[in-house]
There are 2 protein chains.
Amino acid sequence: MTLACAQCPVRDSAACAVLTEEERADLARAGRTVTLKKGETLFSAGDEDHACATLVTGALKVTSYDREGEERILALIHPAGFVGELFQPFAQHDVVALTDSQLCVFARSAMEEALDNHPALTTALLRRSQKDLHAARELLELTGKQDAATRLAGLIMAMARAASDSPCHPAQKFDLPLSRGEMAQMLGLTIETVSRRMSKFEKDGLVAKKGARGIELVDPARLTALVGVGL
Amino acid sequence: MTLACAQCPVRDSAACAVLTEEERADLARAGRTVTLKKGETLFSAGDEDHACATLVTGALKVTSYDREGEERILALIHPAGFVGELFQPFAQHDVVALTDSQLCVFARSAMEEALDNHPALTTALLRRSQKDLHAARELLELTGKQDAATRLAGLIMAMARAASDSPCHPAQKFDLPLSRGEMAQMLGLTIETVSRRMSKFEKDGLVAKKGARGIELVDPARLTALVGVGL
DNA sequence: CGTACCTTTGACTCATATCAACGTTAGTGG
DNA sequence: CCACTAACGTTGATATGAGTCAAAGGTACG
């Protein structure tokens, strides 16, 4: 199936936005749209010659497993994000859909060719890569905090920002894209600790739980104050 | 001072290695060599219009400070590594020399111009950026481990690999580039815990301390086994 | 020789992991 | 539509490992 770039919701924000109409059409012919259901895997660690992809709708997680089989979430990917280790012969990490998702998938060879032909695309990916690097380092900062409340508050605020349409204001009421277990894996905590701290946040009037995954930030200021780090 | 690329120890491994002699000479004219003493700062968070640089010799750390003034080490930079947030108007993190270091520093505008003129350089930086991303995620994996011994063992092995000339074998005897406090900051632990675990490693015959900063891996296999994660 | 910094070690406390039981939600098939 | 089941979430009791506070070696440097 050919990609319908004209209707693409991330046509202005994804890496391919730097291309002209024509160039974009070229690239589109090399790719295909893929739909993933929640929980389905896009790449697995060890995959040879794996592809790469731009996320159009939904959300992905990048994970690794240690020897004991413990999963660790290394990054969340939001729409317009790019996944795929371009210069690595084998995939190092798993990429799994957190919610039903739509992607533009490209064979690595096709993407490498496109990078050779369109320097602007390379620059766009470099920009995105630096952003990912920054995000990884922010997560590093977060997981370095000594107490669980600080870490969880930081994660909630980060998810609120990601769930918001506007980049400056965090969403005030949204659905958590992660289960308790997944939040625990991101923060280096246990499910129980996450659950307890979450209950305490509610008891203290910082947030309100709305159904299964819904959450409302009742007092974002105090939540942010807890984090103790920029934004 | 003009850069002496001909004698540069990282001439084949740094990003500029993809340039031709001539192009490299061009770029060299735009940059300058800088020498930092241990503890000196290259960039500070908040710097406007900060530069970027390739590390030639020595070692750097990338750090951030939270509101309480707690330092957090986000990355180590080894020779041939590149630092500088290209697309960010302000620097987000501090970059400090861990040991006496030599660098090639470029004004951001000059680097951006070079990227425009030399697509291969952009690709090289993208490759390096992906590597940095991978390193950040490995550190994330490490700091996610529940127990201090696992984290410390992983860090020691990582430093052994970095200290080795050969990329496959870890060095067996080397100087730790980090103080106890700095290791603690990287791993999200306290100085005391790092010191205690280190003493226990020695008592258990895993490592031997050699003078102030020196360390010898007596039983790398058991140390690696502790880590429980790939290599 | 003395000072300042880094490291080690000890005693104690406390937050979080662990183990375990119980509720809740969602998805399935009758 | 309901009952059943499995995954997810909450809550409690307990133990342990890491943080904290404190003091005493080491080491480097002037």
Side-chain angles (χ1 to χ4, degrees), chain A residues 37-40 61 66 68 70-73 96 98-100 142-153 155-156 175-204 207-215 226 228, chain B residues 37-39 61 66 68-73 98-100 142-156 175-204 207-215 226 228:
Chain A
K37 287 229 173 51
K38 173 176 172 167
E40 284 181 345
K61 62 177 174 181
D66 64 15
E68 289 93 47
E70 279 299 311
E71 188 181 5
R72 172 99 194 141
I73 297 184
V96 177
L98 285 169
T99 64
D100 294 358
L142 207 56
T143 56
K145 306 287 180 194
Q146 292 297 10
D147 52 274
T150 306
R151 294 193 216 178
L152 184 57
L155 182 62
I156 292 173
D175 277 355
L176 293 168
L178 300 178
S179 69
R180 295 286 183 270
E182 287 166 332
M183 289 192 252
Q185 285 157 16
M186 278 197 87
L187 297 173
L189 300 169
T190 59
I191 292 182
E192 294 95 323
T193 300
V194 171
S195 183
R196 271 188 255 270
R197 291 338 297 208
M198 198 67 110
S199 298
K200 191 157 189 306
F201 282 166
E202 184 165 38
K203 190 158 67 73
D204 294 350
V207 307
K209 295 182 209 163
K210 298 286 178 189
R213 286 287 179 90
I215 189 171
L226 250 181
Chain B
K37 286 227 171 55
K38 173 176 173 168
K61 61 176 173 181
D66 64 15
E68 289 94 47
E70 279 300 312
E71 188 181 4
R72 172 100 196 139
I73 297 184
L98 285 169
T99 64
D100 294 358
L142 208 55
T143 56
K145 306 287 180 194
Q146 293 296 12
D147 52 277
T150 307
R151 294 193 215 178
L152 184 57
L155 182 62
I156 292 172
D175 276 356
L176 293 167
L178 299 178
S179 70
R180 296 284 183 271
E182 287 165 334
M183 290 192 251
Q185 284 158 14
M186 278 196 88
L187 298 173
L189 300 169
T190 59
I191 293 183
E192 294 94 323
T193 300
V194 171
S195 181
R196 271 189 256 270
R197 288 340 298 205
M198 199 67 110
S199 298
K200 190 155 190 311
F201 282 165
E202 184 166 37
K203 190 160 66 76
D204 294 351
V207 307
K209 294 182 210 163
K210 298 287 176 190
R213 284 287 179 90
I215 189 171
L226 249 182

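Throughout, a chain's letter reflects where its sequence line sits, starting with A, and its residues are numbered from 1.
If you take CZ of A/R213 and P of C/dT24, they are 18 Å apart, rounded to a whole angstrom. Here the P atom of nucleotide C/dC6 and the CG atom of B/D175 are 17 Å apart, to the nearest Å. Atom NZ of B/K203 is separated from atom C1' of C/dT8 by 14 Å (rounded to the nearest Å). The separation between A/L152 atom CG and C/dA17 atom P is 12 Å, rounded to whole Å. Atom CD of B/Q185 is separated from atom P of C/dT7 by 11 Å (rounded to the nearest Å). Across the protein-nucleic acid pair, B/E202 atom CD and C/dT9 atom C1' stand 14 Å apart, rounded to whole Å. Per the geometry, NZ belonging to A/K210 stands 18 Å off C1' belonging to C/dT25, to the nearest Å. Atom-to-atom, CD1 of A/I191 to P of C/dT16 comes out at 16 Å; the value is rounded to the nearest Å.
In this structure, the side chains of A/L189 and A/R197 stay at 4.5 Å or more apart for every pair of heavy atoms. A heavy-atom distance below 4.5 Å is found between the side chains of A/M198 and A/L176. Considering only heavy atoms from C-beta on, B/R213 stays 4.5 Å or farther from B/P177 through its side chain.
The number of heavy atoms from other shown groups lying within 6.0 Å of NZ (A/K209) is above 12.
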Set out, line by line, the N/O atom pairs under 3.5 Å between protein and nucleotides 14-21 of chain D.
| residue | atom | partner | partner atom | Å |
| --- | --- | --- | --- | --- |
| D/dA18 | OP1 | B/A148 | N | 2.7 |
| D/dA18 | OP2 | B/R197 | NH1 | 2.6 |
| D/dG19 | OP2 | B/T190 | N | 3.4 |
| D/dG19 | OP2 | B/T190 | OG1 | 3.0 |
| D/dG19 | OP2 | B/T193 | OG1 | 2.3 |
| D/dT20 | O4 | B/R196 | NH2 | 2.8 |
| D/dC21 | N4 | B/E192 | OE2 | 3.1 |

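Side-chain atoms of A/E71 never come within 3.5 Å of backbone atoms of A/Q185 as a donor-acceptor pair (strictly under, hydrogens ignored). Side-chain atoms of B/R151 come within 3.5 Å of backbone N or O of B/K145 as a donor-acceptor pair. Put simply, the side chain of B/D100 never gets that close to the backbone of B/K37: no donor and acceptor are under 3.5 Å apart.
In terms of phosphate contacts, A/S199 brings a side-chain nitrogen or oxygen within less than 4.0 Å of OP1 or OP2 of D/dT11. Proximity of A/K209 to the phosphate of D/dG9: no side-chain N or O atom is located under 4.0 Å from OP1 or OP2.
As judged by a 4.0 angstrom heavy-atom cut-off over every strand, A/S195 is placed among the base-contacting residues.
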